[in-house]
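Just so we're clear, the structure is a prediction, and the values are computed from it rather than from any experiment.
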Amino acid sequence: TSNLALELERQLKRIVYLGPLRDVPRRSYSWAGDEPEHVSSNGDGVVSALLAASERRISGGFHQRARPFQQVVAEWLKRLGLLDSFVARKIAHNRKDYEVRVRTAGSSKDVDLTDVGFGISQVLPVVVESFYVPPDSTVIIEQPELHLHPRVQSELADLFIEGIRSREGGQPRNVQFIVESHSEHFLQR
């Protein structure tokens with residue numbers, strides 16, 4: 001029974017939860033180099049996770065080219081039709097403060113994450129968590145579609161499929177998703 005209890009404990013530690021209302025974006029984020037286990041239940045660790053994963057490379061599946069973590073996130077935000085570009089960068093060389101700069105479709109200027117639609121800040125933790133959690137994790141996500149256009153809601157299904165198929169270091173990540181959604185667009189996709 002001790003082996004059973006140990007295995008149950010291991011399995012429960014692999015479960016991460018992302019709630020329905022994620023944290024509002026900020027103009028700057030402090031990061032001291034820590035590596036969070038996941039983006040947290042309200043997504044407030046999303047920038048720390050992005051920065052901690054800067055050396056990681058993720059591929060979308062077997063025989064697909066691995067790309068830097070931030071690039072994977074940026075490509076998904078673009079594929080969802082939310083942004084043309086996305087980057088988290090240091091504000092000043094001698095500080096531990098970072099900013100998230102984005103460019104929306106049709107714009108030629110980067111702006112702060114706080115200056116674009118609320119839906120982007122709500123879906124960013126979903127995208128990051130999909131590829132950030134440790135291998136063999138189970139991710140429970142409530143209402144990933146909040147504040148998103150129906151077309152974007154349906155594309156979220158493809159995001160989770162790629163999260164399941166993704167690989168890191170040539171090995172499958174074996175991530176599972178349990179998604180609670182009220183979106184018929186998501187469910188029909």
Side-chain angles (χ1 to χ4, degrees), residues 11 14-18 22 35-40 43 45-89 98 100-105 110 113 116-117 119-181 183-189:
Q11 291 296 325
R14 292 180 183 153
I15 296 173
V16 297
Y17 170 74
L18 182 59
R22 271 79 66 188
E35 191 170 326
E37 289 184 30
H38 66 101
V39 301
S40 84
V46 69
V47 173
S48 294
L50 269 168
L51 297 168
S54 65
E55 300 297 317
R56 292 174 55 187
R57 297 179 62 79
I58 305 289
S59 73
F62 190 64
H63 286 305
Q64 291 189 19
R65 181 180 58 87
R67 300 169 326 272
F69 189 87
Q70 259 195 49
Q71 182 181 343
V72 171
V73 171
E75 287 172 0
W76 266 103
L77 292 171
K78 187 171 185 171
R79 182 173 171 183
L80 291 170
L82 299 171
L83 299 174
D84 274 351
S85 72
F86 166 89
V87 66
R89 64 181 181 209
Y98 293 79
V100 177
R101 303 291 291 177
V102 299
R103 182 177 307 146
T104 56
D110 287 350
L113 182 61
V116 294
I120 295 169
S121 69
Q122 296 298 289
V123 80
L124 180 60
V126 173
V127 174
V128 171
E129 191 78 289
S130 297
F131 301 102
Y132 182 77
V133 294
D136 303 314
S137 294
T138 298
V139 182
I140 300 172
I141 299 179
E142 283 191 68
Q143 300 180 29
E145 76 279 357
L146 282 184
H147 302 286
L148 296 176
H149 185 276
R151 184 193 58 75
V152 178
Q153 292 177 18
S154 65
E155 293 284 335
L156 284 176
D158 294 337
L159 169 75
F160 295 132
I161 290 169
E162 188 166 311
I164 291 166
R165 293 181 177 167
S166 67
R167 300 171 74 87
E168 187 171 359
Q171 299 299 314
R173 298 188 65 247
N174 295 322
V175 175
Q176 302 180 74
F177 293 92
I178 299 173
V179 180
E180 182 270 331
S181 176
S183 170
E184 73 178 79
H185 306 287
F186 173 80
L187 296 171
Q188 288 181 350
R189 182 64 166 246

How many angstroms lie between atom CD of Glu184 and atom CD of Glu145, to the nearest 0.5 angstrom?
11.0 Å
So do the side chains of Arg165 and Phe62 get within less than 4.5 Å of each other, counting heavy atoms only?
no
In terms of heavy-atom contacts, does CD of Glu55 have more than 12 from other residues, nucleotides or ligands at under 6.0 Å?
no
Ile164 versus Val175, closest heavy-atom pair with distance:
CG1-O, 3.6 Å
Val152 and Leu80 have their tightest heavy-atom pair at CG2-O, 3.2 Å
Got a second to check how far Thr138's OG1 is from Gln11's CD, nearest 0.5 Å?
7.0 Å
Minimum heavy-atom separation for Pro36 and Gly45, please, with both atom names.
CG-O, 4.4 Å
Show your working on side chain to side chain contact (heavy atoms under 4.5 Å, CB included) between Leu77 and Val123 and close with a plain yes or no.
CA-CA 9 Å; Leu77 292 171; Val123 80; 4.2 Å; yes
Give the C-alpha distance, both sets of side-chain angles, the deciding distance and a yes or no for side chain to side chain contact (heavy atoms under 4.5 Å, CB included) between Phe160 and Ser130.
CA-CA 7 Å; Phe160 295 132; Ser130 297; 3.7 Å; yes
Please check if the side chain of Arg173 supplies one atom and the backbone of Glu168 the other of a donor-acceptor pair under 3.5 Å.
no
Within 45 degrees of the ring normal and closer than 6.0 Å to the centroid, is that where the cationic atom of Arg56 sits relative to Tyr132?
yes
Determine yes or no for a side-chain-to-main-chain donor-acceptor pair under 3.5 angstrom, with Ser137 supplying the side chain and Val139 the backbone.
no
I'd like to check Val179 versus Phe186 (side-chain heavy atoms, cut-off strictly below 4.5 Å). Are they in contact?
yes
Ignoring hydrogens and geometry, is there a side-chain-to-backbone donor-acceptor pair from Gln153 to Leu148 under 3.5 Å?
yes
Please enumerate all residues that pass salt bridge (charged side-chain N to carboxylate O under 4.0 Å, His left out) together with Arg57, with sequence neighbours excluded.
none
With Thr104, which of Leu83, Asp84, Asp110 fulfils side chain to side chain contact (heavy atoms under 4.5 Å, CB included)?
Leu83
Can you tell me how far apart NE2 (His147) and CD1 (Ile120) are? Round to the nearest 0.5 Å.
13.0 Å
Steps toward side chain to side chain contact (heavy atoms under 4.5 Å, CB included) verdict (Val133, Glu129)
CA-CA 6 Å; Val133 294; Glu129 191 78 289; 3.1 Å; yes
Hey, does Leu159 have a side-chain heavy atom less than 4.5 Å from the side chain of Val127?
yes
Rounded to the nearest 0.5 Å, how far does NE2 of His38 lie from CZ of Arg14?
15.0 Å
Would you compute the distance between atom CZ of Arg167 and atom NE2 of His63 and round it to the nearest 0.5 angstrom?
8.5 Å
Is there side-chain contact between Phe177 and Ile161, with at least one heavy-atom pair below 4.5 Å?
no
Shortest non-hydrogen contact from Ser181 toward Leu187
O-CD1, 4.5 Å
Determine, step by step, whether Ile140 and Val16 satisfy the side chain to side chain contact (heavy atoms under 4.5 Å, CB included) criterion, reporting the C-alpha distance in whole Å, the side-chain angles of both residues, the deciding distance to 0.1 Å, and the verdict.
CA-CA 6 Å; Ile140 300 172; Val16 297; over 6 Å; no
Rounded distance (nearest 0.5 Å) linking atom CG of Leu124 with atom CZ of Arg22:
10.5 Å
Residue pairs involving residues 72-83 (criterion side chain to side chain donor-acceptor pair (under 3.5 Å); sequence neighbours excluded):
Arg67-Glu75, Gln71-Glu75, Trp76-Glu162
Where do Ile58 and Ser166 come nearest, in terms of heavy atoms and distance?
CG2-CB, 4.0 Å
Please report the closest heavy-atom contact between Pro144 and Glu180, naming both atoms and the distance.
CD-O, 3.6 Å
Going by the rule ring pair (Phe, Tyr, Trp, His ring centres under 6.0 Å), which residues pair with Phe69 if we only count those two or more places apart in sequence or in a different chain?
none
